Amino acid sequence: MSTAARLPLCPNDRVAGTRCAPAVPKGVEALILDFDGVLADTVGQHEDALRAALQPYGVALDSGWYGRHAGLSIHDLLAALPGGRSLPHDEIVQRSRGHLLASVHTITPIRCVVELLRQARRAGVPCAVASGASRLLVDPGLDALGLKDMFAAVVRREDAVHGKPDPELFLIAARRLSVAPGHCLAVDDAPDGIASARAAGMQVITVIGGHLAPDGGQTAQPVVSTRSTEPIR
């Protein structure tokens, strides 16, 4: 079953003389990280890109709504967006991705998460990415951050039939690392992503204000999917 991991949290950078130095909790056999908002500080860029892509169609993107759904792929976002099903999804996706790819070289890492990743690698703990975003954005993003070689597996939205909050992305990542979900530590920042990791039966922490924190959620039973594993394209 999933639980909020007991992580030695990184101290606040504003406190004089402190530094970000998280440690991998005992018993964790794999680390599985979301990309946007966890490894990379990109949530604002994604929101701005989607807002700009929706503007020609007279649709205003509410920041509160986006914050609650930021862990979804853009296709899933548009399907969930009020009135979004009637929009030309392919055109909006192309516009949004164009904005993001033009600025991918400017993305910055979330330092405490990268330090946790490095601690895991030093401890011999295998690491994976489980992202609801497309490979067209995740792969260039990992390259821009110089982190791609640190992961034994990278799972993107195209690799699963169902996106977050379904547990499939996290379960695929655990399977590719050959580690039972209950021995994995998942890090996600968005409500749908946290729900996905909980449903997978993993230990879960989140990112708040650039720092690692307990997810504050309730224990969840693992979900074993019996659906087709044919990925979307």
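Just so it is clear, the structure is predicted and the values come from calculations on it, not from any experiment. Along the sequence shown, the residues carry numbers beginning at 1.
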Inter-residue atom distance [X].[atom1] - [Y].[atom2], 0.5 Å rounding:
| X | Y | atom1 | atom2 | answer |
| --- | --- | --- | --- | --- |
| H183 | Q203 | NE2 | CD | 8.5 Å |
| I194 | D188 | CD1 | CG | 6.0 Å |
| L101 | Q94 | CG | CD | 11.0 Å |
| I208 | D189 | CD1 | CG | 10.0 Å |
| Q55 | I92 | CD | CD1 | 12.0 Å |
| D48 | T42 | CG | OG1 | 11.5 Å |

Checklist entry - If you draw a 6.0 Å radius around CZ in R176, do more than 12 non-hydrogen atoms from other residues or ligands fall strictly inside? => result yes

Next on the checklist: For the CZ atom on R85, are there more than 12 heavy atoms of other groups (residues, nucleotides or ligands in this structure) within a distance under 6.0 Å?
Outcome noted: no

Next on the checklist: Among I32, L31, V28, which residue satisfies the side chain to side chain contact (heavy atoms under 4.5 Å, CB included) criterion with C184?
Outcome noted: I32

Quick check: closest heavy atoms across [X] and [Y], and the distance to 0.1 Å?
| X | Y | result |
| --- | --- | --- |
| G84 | H89 | O-NE2, 2.8 Å |
| L169 | K164 | CD1-CG, 3.9 Å |
| G37 | V43 | CA-CG2, 3.6 Å |
| F170 | A186 | CE2-CB, 3.7 Å |
| V114 | P109 | CG2-CB, 3.8 Å |
| L185 | P25 | CD2-CD, 3.8 Å |

Item to check | Derivation of the side-chain contact (heavy atoms from CB on, under 4.5 Å) call for V129 and D34 | outcome: CA-CA 6 Å; V129 171; D34 183 33; over 6 Å; no

Determine whether [X] and [Y] fall in the same hydrophobic cluster, where Ile, Leu, Val, Met, Phe, Trp and Tyr are linked whenever their side-chain heavy atoms lie under 4.5 Å apart.
| X | Y | result |
| --- | --- | --- |
| V155 | L145 | no |
| I110 | V154 | yes |
| L177 | I172 | no |
| F151 | I107 | yes |
| F35 | V207 | yes |

Side chains of [X] and [Y], heavy atoms from C-beta outward: is any pair under 4.5 Å?
| X | Y | result |
| --- | --- | --- |
| R121 | C127 | yes |
| Y57 | P88 | yes |
| D41 | D36 | no |
| D192 | R68 | no |
| L50 | I74 | yes |
| L33 | L117 | yes |
| L87 | V59 | yes |
| H46 | L100 | yes |

Has the side chain of [X] got a donor or acceptor atom that lies under 3.5 Å from a matching backbone atom of [Y]?
| X | Y | result |
| --- | --- | --- |
| R156 | A160 | no |
| S73 | D76 | yes |
| T206 | A213 | no |
| S86 | G83 | yes |
| R135 | V138 | no |

Checklist entry - Can we say R157 and E168 salt-bridge, meaning some charged N sits less than 4.0 Å from an Asp/Glu carboxylate O? => result no

Item to check | Under-4.0 Å salt bridge between E47 and R51 | outcome: yes

Next on the checklist: Quick one, R118 with R122, criterion side-chain contact (heavy atoms from CB on, under 4.5 Å). Give me CA distance, side-chain angles, the key distance, then yes/no.
Outcome noted: CA-CA 6 Å; R118 289 173 177 154; R122 284 193 284 268; 3.9 Å; yes

Item to check | side-chain contact (heavy atoms from CB on, under 4.5 Å) evaluation trace for D149 with L142 | outcome: CA-CA 9 Å; D149 291 341; L142 288 171; over 6 Å; no

